[in-house]
There are 2 protein chains.
Amino acid sequence: MVSVDAGQADACRAEARKRQILDAAARCYRRHGFHATSMQELAREAKMSVGHIYHYFANKEAIIAAFIEEDVEHFREIMKRLREDNLTVAEALVAHAEEAWEDVRNPENAALALEIHAEASRNPKIAEMVRCADRISSDGVFELFVTDLADRQWSPQETRARVEILFTLYEGLFMRVIRNPQIEREPALAAFRLAVDRILA
Amino acid sequence: MVSVDAGQADACRAEARKRQILDAAARCYRRHGFHATSMQELAREAKMSVGHIYHYFANKEAIIAAFIEEDVEHFREIMKRLREDNLTVAEALVAHAEEAWEDVRNPENAALALEIHAEASRNPKIAEMVRCADRISSDGVFELFVTDLADRQWSPQETRARVEILFTLYEGLFMRVIRNPQIEREPALAAFRLAVDRILA
């Protein structure tokens with residue numbers, strides 16, 4: 001017989017509830033946008049009461065914050081795996097380009113990312129969240145470059161700039177998947193990989 | 001005495017009215033998003049009647065279409081100027097990188113672009129508009145590369161892929177200006193210029 005601690009079971013149930021709300025919110029925001037989605041609509045989509053949702057998330061901003069935290073968490077996992085590979089960071093980024101490409105070019109991910117950033121452009125609280133998340137990711141890659149690409153002899157300023165342009169290239173994929181979903185994948189991915197490699201050279 | 005043709009004056013007045021509506025629409029969409037802006041709100045912002053707005057634009061999609069057309073027009077002007085410079089296309093793109101940077105990193109332009117693309121991810125009519133605009137821009141740059149970068153001996157597929165990745169880099173700036181407005185401009189712009197140069201090498 002497996003004995004489950006009651007506290008653990010509660011935490012697990014709470015996690016499942018939060019996931020249910022986040023999945024419903026993603027569907028609502030993709031369909032109508034963050035601004036046009038009311039808590040009532042979200043409750044209907046999540047098949048819960050509004051009160052129940054407020055139990056987990058104080059407001060709509062808290063839901064967006066959870067999406068942004070998930071992105072940072074996902075980014076940390078990728079960084080961890082990059083470090084585990086027996087490759088330099090430059091080689092690892094080129095090797096993982098396909099995975100990043102698939103991830104960012106997933107139309108559902110792209111739609112939610114565009115929605116969150118459009119909202120960030122008008123909502124200072126959400127803007128602060130994405131900026132904070134961006135600093136965490138950017139600092140992580142910066143540290144990796146400082147130790148791992150020391151042979152480049154870039155100044156800290158130059159290293160920051162390379163991180164910035166690398167991020168620019170990855171984030172551009174969110175727009176591209178909307179603007180050109182018919183892209184010929186193999187040659188475009190090869191050119192993407194080449195660009196990553198050359199930004200790090 | 002300057003004599004003005006009555007038809008000309010009418011056309012000029014109509015253009016001014018359309019501009020007034022588009023400027024008001026840009027403000028409304030940046031503030032609340034396309035989806036959450038009603039024709040009533042837009043009329044209030046433009047200081048016109050709803051009927052008057054419908055006289056110029058059949059619906060909200062027609063307003064977005066006008067923004068997208070303006071983008072294509074702006075793109076055509078840039079391409080024209082690139083061709084006028086006595087430079088190869090690669091040199092001209094690097095030389096004009098600063099201008100493109102300023103243009104795309106203008107927070108108001110970025111906010112509207114993100115809003116339009118977030119909407120395109122949920123509205124098939126707007127998706128078709130941005131895809132059509134993208135094909136026009138992409139074909140223009142492709143033709144330029146075929147004639148001007150013939151020495152690269154790229155296959156048509158490879159040329160298309162380079163155009164795609166170049167666009168990815170430019171469009172990533174829309175996200176970056178939201179995620180990192182504090183960027184140190186000069187080193188980042190230098191790295192951007194380098195990336196453009198290397199994507200074309």
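This one's a predicted model, so the numbers in the text were calculated from it and none came from an experiment. Quick note on labels: first sequence line is chain A, next is B, and so on, each numbered from 1.
- Counting heavy-atom pairs closer than 4.5 Å to chain B, the top-ranked of the candidates E184(A), M175(A), Q182(A), Q157(A) is M175(A).
- Listed options P181(A), A195(A), A113(A), A110(A) were ranked by heavy-atom pairs under 4.5 angstrom with chain B; first place goes to P181(A).
- For the pair E102(B) and R105(B), the salt-bridge criterion is not met [side-chain N within less than 4.0 Å of a carboxylate O].
- Of the two parts of P107(B), neither the backbone nor the side chain holds a non-hydrogen atom closer than 4.5 Å to a non-hydrogen atom of chain A.
- Contact of L194(B) with chain A is made through the side chain alone, with heavy-atom distances under 4.5 Å.
- In terms of heavy-atom pairs under 4.5 angstrom with chain A, the leader among R162(B), R135(B), R176(B), E119(B) is R176(B).
- Between chain A and the residues I199(B), T37(B), I183(B), the largest count of heavy-atom pairs under 4.5 Å involves I183(B).
- Using a cut-off of 4.0 Å between Lys/Arg side-chain N and Asp/Glu carboxylate O, K80(A) and E84(A) are scored as salt-bridged.
- For the pair E108(A) and R30(A), the salt-bridge criterion is met [side-chain N within less than 4.0 Å of a carboxylate O].
- With a 4.5 angstrom heavy-atom cutoff, Y29(B) touches chain A only via backbone atoms.
- Heavy-atom distances place both the backbone and the side chain of L169(B) under 4.5 Å from chain A.
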**Request:** Could you walk me through whether I126(B) and F34(B) pass side-chain contact (heavy atoms from CB on, under 4.5 Å), step by step?
**Result:** CA-CA 11 Å; I126(B) 294 180; F34(B) 171 82; 3.9 Å; yes
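- Comment: R185(A) does not engage E164(B) in a salt bridge, judged by the lack of any side-chain N to carboxylate O separation of less than 4.0 angstrom.
- In this structure, D23(A) does not pair ionically with R27(A), as no charged nitrogen and carboxylate oxygen lie closer than 4.0 Å.
- A salt bridge links R81(B) with E99(B); the closest basic N to acidic carboxylate O contact falls under 4.0 Å.
- For R31(B), the part lying under 4.5 angstrom from a heavy atom of chain A is the backbone only.
- Contact count versus chain A (heavy atoms, under 4.5 Å) is highest, among L114(B), L173(B), T168(B), V177(B), for T168(B).
- Ranked by non-hydrogen atom pairs under 4.5 Å with chain B, the options E186(A), R179(A), H117(A), R160(A) are led by R179(A).
- Side-chain contact between M129(B) and E69(B): absent, with no pair of heavy atoms (C-beta onward) separated by less than 4.5 Å.
- For A201(B), the parts lying under 4.5 angstrom from a heavy atom of chain A are both the backbone and the side chain.
- Both the backbone and the side chain of E115(B) come within less than 4.5 Å of a heavy atom of chain A.
- In this structure, F167(A) and F75(A) have perpendicular ring planes: the angle between them is above 60°, well past the 30° mark.
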